[in-house]
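Structure first, then comments.
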Amino acid sequence: MSLTDTKKNIGTVVRGWNARYDLEEFIDAYHLAPLEAREIFARIGPYKVDLDQAMKARAQTIAKK
């Protein structure tokens, strides 16, 4: 495997890893109350990957109740 192939593969896998929500976008995406969204945003951070995973886990927890 050449260096060019490696760079291409890494770029494909890692693309979008550092995309971020701003608070308003996060509130709109998950239809949250502003105070609830601010608490989650502060605890998890602004990265979309982390917030999306946290909200998915939250939805599964709520569905089990």
Side-chain angles (χ1 to χ4, degrees):
M1 180 179 269
S2 73
L3 182 60
T4 306
D5 292 339
T6 303
K7 285 182 181 180
K8 181 180 176 186
N9 290 338
I10 290 172
T12 302
V13 173
V14 180
R15 180 171 297 153
W17 69 272
N18 66 346
R20 300 175 187 206
Y21 280 117
D22 70 2
L23 186 56
E24 291 296 320
E25 183 181 20
F26 179 59
I27 290 169
D28 290 340
Y30 289 100
H31 309 289
L32 298 169
L35 291 176
E36 182 181 15
R38 186 176 294 130
E39 179 184 315
I40 294 168
F41 197 83
R43 186 168 28 100
I44 305 296
Y47 294 104
K48 286 186 176 188
V49 171
D50 297 335
L51 286 168
D52 291 341
Q53 287 177 352
M55 295 306 291
K56 188 177 195 179
R58 180 177 178 255
Q60 290 174 350
T61 302
I62 291 171
K64 288 181 181 179
K65 289 182 180 181

- Message: Under the rule for side chain to side chain contact (heavy atoms under 4.5 Å, CB included), what residues qualify as partners of D52, not counting sequence neighbours?
- Response: Y21, Y30, K48

Show every donor-acceptor pair shorter than 3.5 Å between a side-chain atom in residues 36-45 and any protein atom, with sequence neighbours excluded, or say none if there are none.
from	atom 1	to	atom 2	distance (Å)
E36	OE2	R58	NH2	2.1

- Quick one: pull up CD in Q53 and CG in L51 and give me the separation to the nearest 0.5 Å. 9.5 Å

- Task: State which residues pass side chain to side chain contact (heavy atoms under 4.5 Å, CB included) with P34; sequence neighbours excluded, sorted by chain then number.
- Result: I27

- D50: what forms a side-chain hydrogen bond (donor to acceptor under 3.5 Å, both in side chains) with it, not counting sequence neighbours? none

